[in-house]
Amino acid sequence: FSCPACAVPRRRGRAEVTRRLGFCGPRKNPTMSSTTITSLTVYPVKSCGGIGVVSATLTETGLRWDRAWMVVEAREARVSKRNGRSKPNSANYPSGFVSQRLDPQLARVTCELPATVLDPRWDGTRNTVDVKSSDAANHEESADLCLTLRYRPNPDRDEPGGKIPPQMSDLKIPLLTEKPLPRRHVRVWDWVGTAGDEGDDAAEWFSAILGKRVRLVRWLGHGALPVAVGQSARGTGMAFPGKVAVAVARTVAGTGALGAGFLTRRTVARMTSQNGGSIANSVDTKKTTEKDSKKSKIWRGARDVSIRALGAVMCTSGMSWVERQVVKRFDSGYLGNDSFLLPARATEKRYAPHACACFSDGFPILLANASSLDALNETLQTQGSPQIPMNRFRPNVVVGGTATETTAWAEDTWGRLLIGGNKPHGDPRPGISVELVKPCSRCAMTTVNQQDPATKIPSVTDEPLRTLASKRNGATCGFDRVDWNETPFFAWNAVSDPSRVGEEIRVGDDVRVAERRTFREKK
């Protein structure tokens, strides 16, 4: 028996052990030649157009600005059949996400962000990044901190001549909101959580495009957005019930700290008194010298202070715990990991147990190999089908180069990559570790032309999905999972090192294969 990744004979017992780990013996490759990042793309609104960037900041949920907004169904208040009263949207009826799988017209929506906010140095406050006085355009961008959504009309469906209808003019979403956004219960596949509703104007704009009632929501948890942008959407004020509860907790803590010591001391005195007397009387009845009396007074004083301090600490600690729970529940400015107001969406634990995502389909980062797209296009061309661009697969990171490890489908053997940190090439930064955790299965969305989408619902029998299903399914790729045998795959889901949150990756960064492996489904 030999490992397909390294062709090194292995004993059967070790192979079975490594199979359970999901890969066959990761081995370091310190001498591997490097390739580079050829493009970086973020998709601010799920299933809408992407923005090509030269650098991107890593966050807890992937790249900053990626899938931070999402279009969802407009599930309004339900009317009770019993009494005719309307009931608010409940946890049993979350608003499901809308994507190009059923609504390909979303591909006609392009996204724009000011260059100021795309700068990794921008922290969510105005005028954070210095703007040159000679560049008037940048001055306008810094003053107008908005996500701009623009619709590219369809001449076959829209007004004659392709004129944009009035309701489909540019939509501007302020990044820093004046008031907290209303909460809406949303769903992304199996995950259910809360998001911020962007209002009726955005809802009407998208509803006119899709021909059905939808809403636009914003991510409110960690990652995806700068802290100041997310906090403005959540709000920084505390609800009135929370303020009352905190005031009561602090009052009880203050008075309790004063009274707890006296009560504790009196209780101890009663327990240790003799013949119904106090501690002081029992001590005074003893016949001691003047020197022993002074020592007794010092001892009693120290004991009383320690007992009172212990009672005060216990009371204050208890009320502090109560206050923390109230803050988690009511204070929108609380940013702890255990906050009730911060949604969190974990990835599949058997692939990435400690990673999180926001509105992406499943994982923080999608990485693709440019050579694999070239190989796919060659196959399509031989079959008489037109070639396709990389935007059909909507990756965040595309790598390429002339090195041996960037040949077509070489990513199937990559386990862990190091991005940047190539000191011989003049990059003093330590390399950022990115682990490829699961191959990305593809759906009918890859058949949607991102420049000119059709109005019909995408079909799984269209290209490139038909070719991928025959040439790149789970069986031909060697992925050890029965229900993947006919599933098409292209690109890989990846997670970055959580300790490197806040750092940036750039187009042109060296990419080195630190570890190789052969993927096996984790049991």
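Nothing here was measured: the structure is a model prediction, and the numbers come from that model.
- Side-chain N/O atoms of Gln450 and Gln100 include a donor and acceptor closer than 3.5 Å.
- Remark: the Arg392 side chain and the Thr446 side chain contain no N/O donor-acceptor pair separated by less than 3.5 Å.
- Taking the six-membered ring where tryptophan is involved, the planes of Phe479 and Trp484 are perpendicular, since the angle between them exceeds 60° and thus also 30°.
- The ring-ring contact (aromatic ring centres under 6.0 Å, His included) check on Phe97 picks up Trp189, with sequence neighbours excluded.
- Under the 3.5 Å distance criterion, with hydrogens and angles disregarded, a donor-acceptor pair is assigned to the side chains of Asn473 and Thr476.
- Atoms OG and CE, on Ser95 and Met70 in that order, are 8.5 Å from each other to the nearest 0.5 Å.
- At least one side-chain heavy atom of Val45 sits less than 4.5 Å from a side-chain heavy atom of Leu149.
- Thr36 places none of its side-chain heavy atoms less than 4.5 Å from the side chain of Val399.
- In this structure a side-chain-to-backbone donor-acceptor pair under 3.5 Å is present from Arg345 to Ser360.
- Here the CZ atom belonging to Arg394 is positioned 9.0 Å from the CG atom belonging to Asp66, to the nearest 0.5 angstrom.
- Atom CH2 of Trp205 is separated from atom CD1 of Ile209 by 3.5 Å, given to the nearest 0.5 angstrom.
- Between Asn485 and Arg481 the shortest heavy-atom distance is OD1-O, 3.4 Å.
- Ser372 contributes atom OG, which lies 3.5 Å from atom CD of Glu411 (distance to the nearest 0.5 angstrom).
- With hydrogens and angles left out, the side-chain atoms of Trp492 and Asn369 include no donor and acceptor closer than 3.5 Å.
- Heavy-atom neighbours of Asp190 CG from other residues, nucleotides or ligands within 6.0 Å: at or below the threshold of 12.
- No hydrogens or angles considered: a donor-acceptor pair under 3.5 Å links the side chains of Gln383 and Thr467.
- Donor-acceptor pairing under 3.5 Å is lacking for the side chains of Thr447 and Glu463.
- Among all heavy-atom pairs drawn from Pro364 and Ala357, the shortest one is N-CB, 4.4 Å.
- Distance alone, capped at 3.5 Å, is enough to place a donor-acceptor pair between the Lys46 side chain and the Phe359 backbone.
- Cation-pi geometry between Arg517 and Trp414 is not satisfied (NZ or CZ under 6.0 Å from the ring centre, within 45° of the ring normal).
- Applying the ring pair (Phe, Tyr, Trp, His ring centres under 6.0 Å) test to every pair with at least one member in residues 35-69, sequence neighbours left out, gives no pairs at all.
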